[in-house]
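Read through the structure below, which is laid out as structure tokens, and then see the notes.
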Amino acid sequence: MTAPGLASPEPAGPRLLRGGPIAAEVRAAVAAEVVAFREAHGFVPALAVVIVGRDAPSTVYLHKILDGCRTVGIVDRLIELPEDAGPARVAEAVAALNADPAVAGIIVQMPLPPTIPLRTVIDVLDPAKDIDGIHPLNAGLLALGYEGFLPATAHAAVEILKRSGILLEGRRAVVVGRSNVVGKPAALLLLREHATVTICHSRTVDLARRVRDAEIVIVAAGRPGLITGEMLRPGAVVVDVGINVREGRIVGDVDAASAAPVVSAIAPVPGGVGPLTNAILLTHLMRAARNQAEGRVALGSRSMVPTLPMESMP
Ligand code: NDP
């Protein structure tokens, strides 16, 4: 019986892998790097964000990136183009940022308006400034196991596991989702960490069986409640990347109520990968700035591959 005045102990839930405290550590390290960079090179690098139109859902996220820059002392640069800016104007804006030595990294709002094909950006964006890993050169470097720029969300999803001390090597991992921005790169990063990786998608037959086999599960499907407790292996570690709005609340792809009694740890939504993504992007910006300032990349020539010091990784 509980003594009078004492609350009954809460049943022990899974360990929550929270992105906020990790992001704070990452930001503190970046802030120190910014100071060292300024001392070494006499300027502070800028991160440029190109936004086309005002209504894209990603606009809020992009403004958060700019706020994040300010908190660590990185110069933020916002280029806002009208909704009806054509492809030529968008390409021109990106080319101008490529040519600006003060700008170390460029992010272009995705999705672009339907009038502007993705190629408009890809054809122009310098891979050495592509800090969110959208350029095929960076995607190829990741696939081959070389050092390029990673899509920040996928990087954050795996980083939250690593920084929480979750063993990945030799473990069975399932990634639900195969997009170029999250699922595929997250799977490749898990492979780099020596996990044994299965990628699931909308045509996967018997998703529950695949997921139940996994010790590590990363879910990036954009389907609220897709993964329930019954589908998960007892003791599994889960990273929920999904962002969905349900009844006015932000929820992930994992049904948190049924998953909680089953899993050993979960990066929840909200509060897991989201807060870390932004901080990870700042680390990419500083790496781009160092590469450029120290002459490790040849800007504009697309010859990032031979000039980067790279080790081959799995
Ligand atoms: P996409 O829509 O591009 O990809 C979704 C993937 O999930 C596809 O590969 C799709 O399969 C798969 N999928 C959809 N339904 C099912 C299903 N029923 N069973 C199995 N697989 C399914 O989304 P993104 O990758 O861009 O984003 C995924 C989620 O992550 C979204 O909720 C998004 O909002 C969130 N997100 C979160 C970020 C963060 O910072 N936390 C940043 C970016 C995204 P198929 O390929 O067969 O269609």
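Order of appearance sets the numbers: ligands from 1, and atoms from 1 within every ligand. Because the structure is predicted, anything quoted here is derived from the model rather than measured.
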- Item | Contact atoms of ligand 1, heavy-atom distance to G242 under 4.0 Å | 29 (C), 30 (O), 32 (O)
- Between the main-chain N or O of V124 and the side-chain N or O of N98, is there a donor-acceptor pair closer than 3.5 Å? yes
- Shortest protein heavy-atom distance from atom 44 (C) of ligand 1, along with the residue and atom involved: V182 CG2, 4.0 Å
- Message: Are any of the N/O atoms on R203, whether in the backbone or the side chain, positioned under 3.5 angstrom from an N/O atom of ligand 1?
- Response: no
- Going by heavy-atom distance to atom 6 (C) of ligand 1, choose the closest among A220, P224, G19. A220
- Item | Same apolar cluster: V197 and V211, side chain cutoff 4.5 Å | no
- Under a 4.0 Å N-O cut-off, is there an ion pair linking K64 with D67? no
- Query: So, for atom 2 (O) of ligand 1, does the protein have a heavy atom nearer than 4.0 Å?
  - Reply: no
- Message: Side chain, backbone, both or neither: which applies to L226 and ligand 1 if a contact is any heavy-atom pair less than 4.0 Å apart?
- Response: side chain
- Query: Would you say ligand 1 has an N or O under 3.5 Å from any N or O of D253?
  - Reply: no
- Among protein heavy atoms, which lies nearest atom 40 (O) of ligand 1, and at what distance? T277 OG1, 3.4 Å
- Message: Measuring from atom 5 (C) of ligand 1, which candidate in A221, P185, G252 has the nearest non-hydrogen atom?
- Response: A221
- Item | atom 48 (O) of ligand 1: nearest protein contact (heavy atom, Å) | S202 OG, 3.6 Å
- Heavy-atom nearest neighbour in the protein, as seen from atom 42 (C) of ligand 1, with distance rounded to 0.1 Å: T153 OG1, 3.1 Å
- Message: Suppose I only count heavy atoms of V181 and a 4.0 Å limit; which atoms of ligand 1 are within that range?
- Response: 26 (O)
- Please name the pair of heavy atoms, one in M286 and one in P45, separated by the smallest distance, quoted to 0.1 Å. SD-CG, 3.9 Å
- Query: Do the side chain of E215 and the main chain of R172 share a donor and acceptor less than 3.5 angstrom apart?
  - Reply: yes
- Query: Evaluating non-hydrogen atoms only, which member of H201, R178, K184 is closest to atom 8 (C) of ligand 1?
  - Reply: R178
- Message: Side chain or backbone, does I243 bring an N or O within less than 3.5 Å of an N or O on ligand 1?
- Response: yes
- Query: F43 vs F37 aromatic rings, parallel, tilted or perpendicular, using cut-offs 30° and 60°?
  - Reply: perpendicular
- Task: For atom 35 (C) of ligand 1, find the nearest protein heavy atom and state the residue, atom name and distance (0.1 Å precision).
- Result: V241 O, 3.4 Å
- Determine yes or no for a side-chain-to-main-chain donor-acceptor pair under 3.5 angstrom, with Q109 supplying the side chain and V52 the backbone. yes
- Message: I need the nearest protein heavy-atom contact for atom 15 (N) of ligand 1: residue, atom name and distance, please.
- Response: R223 NE, 3.3 Å
- Candidate pair R290 and E294, rule salt bridge (Lys or Arg N to Asp or Glu O under 4.0 Å), full reasoning: CA-CA 6 Å; R290 283 195 308 274; E294 292 162 16; 5.3 Å; no
- Item | Identity of the nearest option to atom 23 (O) of ligand 1, non-hydrogen atoms only, from G177, P270, S179 | S179
- Message: Can you report which non-hydrogen protein atom sits closest to atom 31 (C) of ligand 1, along with the distance?
- Response: G222 CA, 3.7 Å
- Task: Return yes if some donor-acceptor pair links the side-chain N/O of D132 with the main-chain N/O of I134 below 3.5 Å, else return no.
- Result: no
- Message: Minimum heavy-atom separation for L81 and A93, please, with both atom names.
- Response: CD1-CB, 4.1 Å
- Please check if the side chain of D253 supplies one atom and the backbone of A221 the other of a donor-acceptor pair under 3.5 Å. yes
